[in-house]
Every structure is written in C-alpha cells, then in structure tokens.
Number of protein chains: 2
Amino acid sequence: MSKHKRAGVRQVASLAGVSVATVSRVLNTPDKVSPETAEKVRLAAEQLNFIPNSSARALSTSHTRAIGIVVPTLENLIYAKFIDALESSLAERNYNLVVSTTRKGTIPESLKVRELANIGVEALILPGLSHDAEILDYLRRSEIPYVFSSVYDEAVEHPTIGYDNYLLGRKVARYLISHGHRNILLLSGSLEDNDRTMLRFKGVTDELKQHFGPGYQLPSQILGLNTRSAYEYVCESLGGKAGKAFFGATALLCLSDVLAIGVLLAMEKKGVVVPRDMSVVGFDNLEISEYTNPSLTTVDLPVTEMGRKIAESVVSHLEHGTPMTSFLLDAELVIRDSVADVRYGCAGSS
Amino acid sequence: MSKHKRAGVRQVASLAGVSVATVSRVLNTPDKVSPETAEKVRLAAEQLNFIPNSSARALSTSHTRAIGIVVPTLENLIYAKFIDALESSLAERNYNLVVSTTRKGTIPESLKVRELANIGVEALILPGLSHDAEILDYLRRSEIPYVFSSVYDEAVEHPTIGYDNYLLGRKVARYLISHGHRNILLLSGSLEDNDRTMLRFKGVTDELKQHFGPGYQLPSQILGLNTRSAYEYVCESLGGKAGKAFFGATALLCLSDVLAIGVLLAMEKKGVVVPRDMSVVGFDNLEISEYTNPSLTTVDLPVTEMGRKIAESVVSHLEHGTPMTSFLLDAELVIRDSVADVRYGCAGSS
DNA sequence: ATGAAAGCGCTAACAA
DNA sequence: TTGTTAGCGCTTTCAT
C-alpha cells in the first residue's frame, strides 16, 4: 500500500505542468520565476507532500550544510551549554549540527572525527588544544576546515576560538593571593579536559611562583575528580580537624563548578564554614553557582558567546572563504561569597 | 593551489588499476573482493586522502543514516543526558544524530521538524505527547518514522517510549501521603515541558483526591519556574514565618530537580530545616541531588535507558521494518532524606 | 521566464 | 572476482 515512492521534482513538475528546472528554481531562486508559476509549483509540491531530497541537492551543490562537533560527553553542563549555543547560531545560518561524543573519552576522538568526515560535515569543531597527531594529520590532508574551541592560543598553528585558560589560572591565583592565600589546593576534573585543566594549573602555579618567589612550594593537585569523588574526598579529608586537612591549604581551587559545588555541599555537611574556614573557587559559572551557600566565586566561561562566534567564523569561512582565525573571548571572574581573607594563625601553611 | 578537486572513486580506481565498482566493493562489501585487490585499493585511497562522498552514497542507497531530534534546549541536564545516551546508542549502530533546539520554545517545533525532514533524517524523535496538529499531520503525510519520548501512553495512536508521568505523579503523591502530608504545593518548571508536567500534576491530584475524598482542596501549583525564580520564590515566601508560607503546605513537590535544588538552597539560606520544617521532593535524579543537604528524595527518570531503547527501536524499524511501538520504562522513586513525617499542630493545613 | 540536458559521485544490477 | 553501465534526484548551464 504505502510503498509508493516519494514524490520528486519530476512528479511535482508534471503535476504543475512545468519543467523540473522550474521546480528547482522555485525552491532555490523564487525571484527568477513568475509568481503564478511559482504558486502552481508550490501547490503541486504541497499536494504531493514533496520533500526535496537533500542528498541529491548536496551531491549537486557539493554542500551538505552539516557541521560536526566531537565532545567527551553532554552530561557536563558546560558542553551542553556550548553546544546549545552553537546549534542555535548555526541554525540561524541554515547549518545543521551533528553531535558526536567520545563517551567520556572511551572512544578515540580520531575515530569520531573520521566518522564525521565520512558523513560529509563541512567543518569540524574540537574542544581543546591537544589532539592526536593522527587527527591533526587527517585534518590537514582531508582539508576539512576546523577550529579548536574552549581554548585560545595565538602561538599554535591551528585556529582557536575560546578563552585563555592559562591567563584565567593566573587571574584566579592573583585573586586568591590578594586575599592572603598562599597554600592552595587544586581539585581538577576528569582527564578529558586535560589540556585546559593543565593550562589553568600552570597559570595558577606560575602566578604563585612569581609572587612568592622561587622558594615557594608548589600547590598540590588532585586529579580525575567528579562531583561524587570531590564530595567524598572532602568528607574524608574532614574526618579529622578542618584546619589541618587539605594539606593545610586555605583555599580550594576547583577547576569546574560541579566540583566546587560538591565541595561546598560536603563542607556544609561536615560543618566547615565557607569562606571562614576555607575559601573555594570554581570554573564555569553554572546557573546554580549563584545560589549555593555561600554563593560561589567562579570564572564565568563565555560558552554561549563562544558558540556564536564559532558559528560565525565557520560559516563565514565556508561561504566567503574568510580564513579561519583565532579569537580570544573574555572570561570574567565572578566575585561572590566563597572566598575570604586568610585568618593567620588559624589555618594556613603549616 | 589547493583548489584541486577531492579524489573520488574514479581517481582511486584508476590509481589502483581497478574499476570503480571494485572500489565501491572494498568500501561496502570487502569480502566480495580479493584481499590483494582490496589492499591495492585501500592504499590508493589512503594516498589520495579519499573520503567517500556521503551525499552520493545516500542518494544512491536512499539512506542518510541521520536521525533527528528536536528539544527545547540542551541547557537542561535531563535533555542533555538523554541526548548523550541516544547519540551513543545510535553511533553504535552507525547512525548519526542531528540535534535541533527550539530555543526553549521560542522557535516553533513544526519549523524544526520541517528543517530536519528537509535535511533527510530517516526518523524523528520528539519529547512529549502534545505537538501541533500541523506536526502530526506533517509526520503522517511525509511518512517519516517518529517516536515521542519521555512519555508513555498506550492509548495514543503514536509510538511513545518513556515513562508514565501520570503514574509517577500518583506514586510521589502516595509517598507523601504515607508520610502524613495532605497539603502539598506543586512547583513546576518551564512551559516547554508542559504535557509531562501536566500529567504528573494530574497524577498527584488524582491520588490526593482518591485518598482524601471529594471534599479535598486541590493543591496549589506554581508554574513556569526555573532555578532562579524557584530560589527567589522560596526566599520571598519565607520573608514571614516558615510555617505559614507556601499556602500552609507541608511538602513542596518540585517537578524537576533543578527546581528542588534551588528550593533546598533557598530553604537552607533562610534557616528552614528540610525535612523537619518542610519536605521537598524532586523529579529527575540529577547526579548532584544525592549530595544536597539534605539529600533529595526524587524520581529517577531513566533517560539513559530511554535513549538506548529508542535507538534500538528506531534502527530496528529502519532496517528490519519492525513496526514502531510504544514501550514503558520503569522510573523509581529514590528515597533519600528530604521528606519526613508531618508534625501535626505545627505546620499543616490551616 | 522557462525548458532540455548534462552532470554531481556513488551503488548495484548485470555481464563477463 | 571484476568490470560496464544505468540510474539515484537534484542543480545548473545553455538555449530559447
């Protein structure tokens, strides 16, 4: 019964009593068709439930209007927000976003890049600076335009659109230093974010070293945490006395807000008063970070603007040949209530 | 310089000294080609950076291997988790997911559906039960397979794969009733989720009515909240005395966890002790809901399983003609620490 | 303003 | 096992 083939330009043309070329024109360049003819065609199309075959169009125009992105996961709100913004901006320009995940890094990014290339994406967006040599090589050879997101580095030979993680690390460290902090413990997220995490970490340590001189003992860092493990880590560390836990640190610098929030909740549960007993800073500025107790001082990553900017840049390159270039986005430290001055003689460097 | 055309089967064929058909075979049915020939072809392909043109393939096979989904936004973690799982499951089956958002409902869903149809998705996933008649009509006429997610309703003539929101409403109400609650205030999220919200609401009220009889005064409901406004609402309501706020309710039933968490944080800030002074329940079971103070009693929505199940169902239909059917997923109430027995004579129905 | 016809790059009969 | 060839459904010159 229903195995009749779908209507194509041909059927529409014959029903409308015109040629296929005319049908194509009312689809793509309506102003080159007389209004009456156009109307006839539209009616016929409507009547036949005509949906132009996009593969045929793409084949003919060599334009798929698909952009690909590979992220570790969408379960991290910061990626979700970014992709949301990216999709919106691309949609405005009539491009579609094909999302691919590495399942939190368990599937090789190179595989996902190849798959996206194979389905014909016209450009590729990859978060972060460090990617397999294989990927870099593949991108170069396949000549698919691409941009690295969430990072900015003008020194690198790839287009990067994002924020300067290293400088943000310095900025946060400077802020902490200005409040008298010297011994800072870094809590860092999953290893997928490694390069951005590392850059932030380096920024923090460089700033501390510069400020306190070469004798300064570098801060400790705990890696690979998620909300759960951050929460549990804090709870366990607080088994003894608050002051001596955390390697004697007076501030916890969390490289993502979900970590910071886990930390805040654990502190509260354990009766540690933030920021009196311990200062906490985050990265991301999630919506909820404004409402924690205390509200979280954090770095506002401009992911929405980043999505917009990348869409702009990629589309402009695709359509007008504008070269892909790097672009730096500002990221602000949002000062709220989770950081206070160090109270000397209570906690602090042992 | 670099404006040389990309290599196609033809170039690969001639470089490998075979016919285009053979090249196509090593791509699609390698076992029908002698190993040596295959190797030759692969080498040639590699050398020419050959990426098969997916539009041409799709045109020839009439198979785009693209599945579309329209959601209001990705900024809601519950959608992000769902899409993450869906993408993973589809990728395992070699399908790609094209994500489209209505920008929180500001763009008509029908438009997005049309766009996805126009780019040739082979199936469509739409969260929720209620969609414009226009969409329903379009889906029927265009014969694109589809499934409604996040809902289950065997009575409806569309395939639905999800949980039974009405029953979940009843389940939660029953739980609250079993703890002595009678006056319950509903806090409900943005209007995009309307149909699921409504069903839950109806489930709750039906259960209450059934339990307390016809004289029972239906619970109040506050609609259109997000984390911010939920937080602010609670803060304002608590301007006076805790007991008399919230229309005298003893329990706050939040139709999403982000709301519940906002509520919890606001309560805490205002010194209201949950669950002693007020019970709170949520919907979603976000990761963080386990770590709030107190931990949140909430309904665990099986979005990951839902993604998997939908991928299975859609692909099976596409590849083996299995009819699209509805499927009910279990959703559990996760009992934690945010609900307690009502203390009569303190708060409660005036 | 409209039509005829040549592809776009691949797949899949069919033939050998 | 391999090659020849005819489309897939659209766009786009080039005529008219």
Side-chain angles (χ1 to χ4, degrees), chain A residues 3-42 44-45 48-66 94 117-122 142-143, chain B residues 3-42 44-45 48-66 94 117-122 142-143:
Chain A
K3 270 305 108 203
H4 59 115
K5 249 178 24 186
R6 251 189 221 173
V9 270
R10 231 170 338 244
Q11 286 79 308
V12 175
S14 82
L15 178 57
V18 297
S19 73
V20 293
T22 298
V23 175
S24 178
R25 281 189 201 101
V26 344
L27 256 36
N28 303 299
T29 50
D31 27 291
K32 291 191 173 175
V33 172
S34 83
E36 309 81 52
T37 315
E39 200 43 36
K40 268 195 307 187
V41 170
R42 264 188 273 270
L48 295 170
N49 299 320
F50 170 62
I51 298 178
N53 180 314
S54 70
S55 308
R57 165 178 291 163
L59 177 56
S60 192
T61 60
S62 43
H63 228 50
T64 63
R65 306 198 77 82
N94 273 298
N118 277 319
I119 68 162
V121 295
E122 297 190 49
S142 65
E143 296 176 12
Chain B
K3 270 306 106 209
H4 59 114
K5 250 176 25 185
R6 252 190 217 172
V9 272
R10 237 175 330 249
Q11 286 79 309
V12 174
S14 83
L15 178 56
V18 298
S19 74
V20 292
T22 300
V23 174
S24 178
R25 282 189 200 102
V26 345
L27 255 37
N28 303 300
T29 50
D31 27 291
K32 291 189 173 175
V33 172
S34 83
E36 308 82 52
T37 315
E39 200 44 35
K40 268 195 307 187
V41 170
R42 263 188 273 270
L48 293 171
N49 299 318
F50 170 62
I51 298 176
N53 181 312
S54 70
S55 307
R57 165 179 291 162
L59 177 56
S60 191
T61 61
S62 44
H63 227 51
T64 62
R65 306 198 76 81
N94 273 300
N118 277 319
I119 68 163
V121 295
E122 298 189 48
S142 65
E143 297 178 9

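Order of the sequence lines sets the chain letters (A, B, ...), proteins ahead of strands, with each chain counted from 1.
You'll find the side chain of B:Leu15 stays beyond 4.5 Å of the side chain of B:Phe50, heavy atoms only.
Residues A:Asn28 and A:Arg57 approach most closely at OD1-NH2, 3.5 Å, considering heavy atoms. Heavy atoms only, all atoms of each residue included: A:Val18 and A:Val41 are closest at CG2-CG2, 3.9 Å. Closest non-hydrogen pair, B:Leu59 versus A:Asn53, comes out as CD1-ND2, 4.3 Å.
Distance B:Asn118 CG to D:dT11 P: 11 Å, rounded to the nearest Å. With rounding to whole Å, B:Arg10 atom CZ is found 13 Å from D:dT4 atom P. To the nearest angstrom, C1' of C:dC10 lies 12 Å from CD of B:Gln11. Taking atom CG of B:Asn53 as the reference point, atom C1' of D:dC8 lies 13 Å away to the nearest angstrom. Taking atom CG on A:Leu59 and atom P on D:dT12, their separation rounds to 12 Å, with Å as the unit. To the nearest angstrom, C1' of D:dT2 lies 10 Å from NZ of B:Lys40. Distance A:Arg6 CZ to D:dC10 P: 11 Å, rounded to the nearest Å. Rounded to whole angstrom, the span from the CZ atom of A:Arg25 across to the P atom of C:dA4 amounts to 11 Å.
Separation of atoms NE2 (B:His63) and CG (B:Asn94) is listed at 10.5 Å; rounding is to 0.5 Å.
Relative to the side chain of B:Ala21, the nucleotides D:dG9, D:dT4, C:dT11 differ in distance, and D:dT4 lies closest. Comparing D:dC10, C:dA5, C:dC10 against the side chain of A:Phe50 picks out D:dC10 as the nearest.
Across all strands shown, B:Val23 has no heavy atoms under 4.0 Å from either base or sugar-phosphate atoms. Contact annotation for A:Ser62: no contact, since no heavy-atom pair falls under 4.0 Å across all strands. Using a 4.0 Å heavy-atom distance criterion, A:Thr22 is classed as a sugar-phosphate-only contact. Residue A:Thr37 is classed as a sugar-phosphate contact, given heavy-atom separations below 4.0 Å to backbone atoms only.
At D:dC8, none of the side-chain N or O atoms of B:Ser60 fall inside 4.0 Å of OP1 or OP2 (strictly under the cut-off). Between D:dT2 and B:Ser34, a contact under 4.0 Å exists linking OP1 or OP2 to a side-chain N or O.
In terms of position along DNA chain D, the nucleotide closest to B:Val33 lies nearer the 5' end than the nucleotide closest to the other residue of the pair A:Leu27 and B:Val33.
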